[in-house]
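Reviewing the structure listed below.
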Amino acid sequence: MKILIAGAGAMACLVGGKLKAIGEEVRLYNRMNSHVEAIHQQGLRIVEKDNSTTHIELEIVQELQAGEQVDVLLVLLKAQANESVLGKLRGKLAKETLIVTMQNGIGNAETIQQLFPENTVVSGTLGHGASVEHDGTILHRGWGKNYLGDVEASADSKTLDHFAGKLSEAGLETAVSPNVKAVIWNKLFVNAAFNSVTALTRLKNGDILTTPEGESLLRAVIEEAVLVAQAEGVEADAQAVTEECLRMGHQDIGANKSSMLMDVLKKRQTEIEVINGGIVTLGKKHGIATPVNESLTGLVRIIEQNYKLRVDESSVQK
């Protein structure tokens, strides 16, 4: 398959590297930066949990010529970059190109569909995880199952099934789900519960659960999110979702630093608008109050809009 991946962060490199390793024709589309430059010069290194390392030559391009054959455009950008990055590809993709977004949050497919009205846009979720250890090297951090949304029987359906098969063949187990909306919301519940709170407190995921206040905040976030999900037609039980998030925080992801925490530490724009902010937006649509998610969203916005004014520890006299 001819696959173009928008983005060159940890997940884009993981997926691109794994697909390239099984012989697929893969390119990443990303601006030049130190990480991209390191991959150009030395190739990509993927470090697995047993510390085994795979070295892969991976092509990263800054331009795409109109009319180039692309079977699948996989979008693995931060959500806030969709319009600015993907907008540069408008008019360069054939209408037969299947566009797949496996990004965090909600609303990404709708944004992408507006940019490419003639293409089929499919949503999905990533169960795998990765982080950039240093320029040119990523750590494979998670090994869950990936899901892609189903499409009606057509050429797009065959392309989607073929792409899911290639991901599984590459070691990234992927299924096509007839109810991917529920899968996306289940991932959103986890992101909403942990990302904003860890970004605000600068704690690892599990550490926000070491106090009664932290657990109560998680419960409140989820209760609001489940009400909104139900209004969107998603079957969800607040108690069951809460217990699963608590279990994950204590057992599965407790030692992880959330992506939003890393964005705040590195003074970058976060994905708050499509996570807690997305819950707030849909809550207003349905007339559902979401004061906890709204407060968390507002606090993260204050932080990311005032990085230049931030008081850092190094500036405090001892």
Side-chain angles (χ1 to χ4, degrees), residues 75 77-83 101-115 121-126 147 149 177 179-201 205 208-209 212-246 248-249 253 258-261 263-264 269-306:
V75 182
L77 301 163
K78 288 293 184 71
Q80 60 269 21
N82 280 338
E83 294 188 26
T101 166
M102 300 179 81
Q103 299 164 281
N104 286 332
I106 49 179
N108 293 301
E110 291 79 1
T111 299
I112 296 169
Q113 190 70 76
Q114 290 179 353
L115 292 170
V121 180
V122 178
S123 295
T125 62
L126 283 166
Y147 291 93
S177 170
N179 189 18
V180 75
K181 187 174 183 179
V183 176
I184 290 171
W185 271 92
N186 281 328
K187 184 172 183 180
L188 179 67
F189 293 143
V190 178
N191 283 336
F194 289 99
N195 279 24
S196 58
V197 179
T198 56
L200 291 166
T201 58
N205 290 337
I208 69 171
L209 302 177
E213 292 82 1
E215 183 173 322
S216 294
L217 189 55
L218 179 145
R219 291 180 181 275
V221 169
I222 292 173
E223 286 175 3
E224 293 180 359
V226 167
L227 287 176
V228 174
Q230 290 170 342
E232 284 284 296
V234 176
E235 292 185 9
D237 177 78
Q239 182 175 350
V241 172
T242 299
E243 293 308 312
E244 176 60 11
C245 285
L246 289 172
M248 292 180 67
I253 62 173
S258 75
S259 59
M260 195 173 294
L261 168 60
D263 285 338
V264 167
Q269 189 177 358
T270 74
E271 294 182 299
I272 191 66
E273 301 299 339
V274 296
I275 300 179
N276 301 83
I279 293 167
V280 173
T281 299
L282 288 177
K284 291 178 179 178
K285 169 187 169 183
H286 294 288
I288 298 172
T290 56
V292 177
N293 282 279
E294 189 166 359
S295 295
L296 292 172
T297 301
L299 288 168
V300 174
R301 284 175 182 159
I302 291 171
I303 290 174
E304 66 180 11
Q305 293 174 23
N306 291 282

(Q) Please check if the number of heavy atoms outside Glu83 that lie under 6.0 Å from its CD is greater than 12. (A) no
Q. How long is the gap from CD on Gln113 to OG on Ser123, to the nearest 0.5 Å?
A. 9.5 Å
Q.
Would you compute the distance between atom CD of Glu213 and atom OG1 of Thr201 and round it to the nearest 0.5 angstrom?
A. 12.5 Å
(Q) Is the shortest side-chain heavy-atom distance between Met260 and Asn104 below 4.5 Å? (A) no
Q: Could you walk me through whether Glu244 and Asn186 pass side-chain hydrogen bond (donor to acceptor under 3.5 Å, both in side chains), step by step?
A: CA-CA 10 Å; Glu244 176 60 11; Asn186 281 328; over 6 Å; no
Q. Given Asn82 and Thr101, is the side chain to side chain contact (heavy atoms under 4.5 Å, CB included) satisfied, shown in steps?
A. CA-CA 10 Å; Asn82 280 338; Thr101 166; 6.0 Å; no
(Q) If you define the side chain from C-beta out and look only at heavy atoms, does anything of Leu246 sit under 4.5 Å from Arg219? (A) yes
Q) What heavy-atom pair brings Leu188 and Gly105 nearest, and what distance separates the two atoms? A) CD1-CA, 4.1 Å
Q) Nearest 0.5 Å, what's the CG-CG distance between Leu261 and Leu200? A) 10.0 Å
Q | Shortest non-hydrogen separation from Ala81 to Leu77 and the atoms involved | A | O-CD1, 4.1 Å
Q | Distance, nearest 0.5 Å, that separates CD of Glu215 from OG1 of Thr242 | A | 9.0 Å
Q. Any sub-3.5 Å donor-acceptor pair from Lys181's side-chain atoms to Gly233's backbone N or O?
A. no
Q. Mind checking whether Leu218 and Phe194 have side chains closer than 4.5 Å, heavy atoms only?
A. yes
Q) So, do Val197 and Leu217 sit near enough that their side-chain heavy atoms are less than 4.5 Å apart? A) yes
**Q.** Distance (rounded to the nearest 0.5 Å) between Ile279 CD1 and Leu227 CG
**A.** 11.0 Å
Q | Closest contact, heavy atoms only, Gly124 versus Val180 | A | CA-CG2, 4.2 Å
Q.
Here's a test for you: under side-chain contact (heavy atoms from CB on, under 4.5 Å), which of Val234, Val228, Val226 qualifies with Gln230?
A. Val226
Q: Determine whether Asn293 and Val221 make a side-chain contact, defined as any pair of heavy atoms from C-beta on separated by less than 4.5 Å.
A: yes
**Q.** Pairwise distance CD1(Ile303) to CG(Asp263) - rounded to 0.5 angstrom
**A.** 12.0 Å
Q) How close do Thr198 and Ile208 get, heavy atom to heavy atom, and via which atoms? A) CG2-CG2, 3.7 Å
Q: Check Ile222 against Ala238 and note the closest heavy-atom contact, atom names and distance.
A: CG2-O, 4.1 Å
(Q) Is it the case that atom CD in Gln239 sees more than 12 heavy atoms from other parts of the structure closer than 6.0 Å? (A) no
**Q.** pair Thr297-Ser196: side-chain heavy atoms closer than 4.5 Å
**A.** no
**Q.** Pairwise side-chain contact, Leu126 with Lys187, heavy-atom cut-off 4.5 Å (strictly under)
**A.** yes
Q) If you look at every heavy atom in Asn108 and Ala79, which pair is closest and at what distance? A) OD1-CB, 3.2 Å
**Q.** Chi angles and distances behind the side chain to side chain contact (heavy atoms under 4.5 Å, CB included) call for Ile106, Trp185
**A.** CA-CA 8 Å; Ile106 49 179; Trp185 271 92; 4.1 Å; yes
**Q.** Short side-chain to backbone donor-acceptor contact, Asn276 and Leu296, under 3.5 Å
**A.** no
**Q.** Glu294 vs Glu224 side-chain heavy atoms within contact, under 4.5 Å
**A.** no
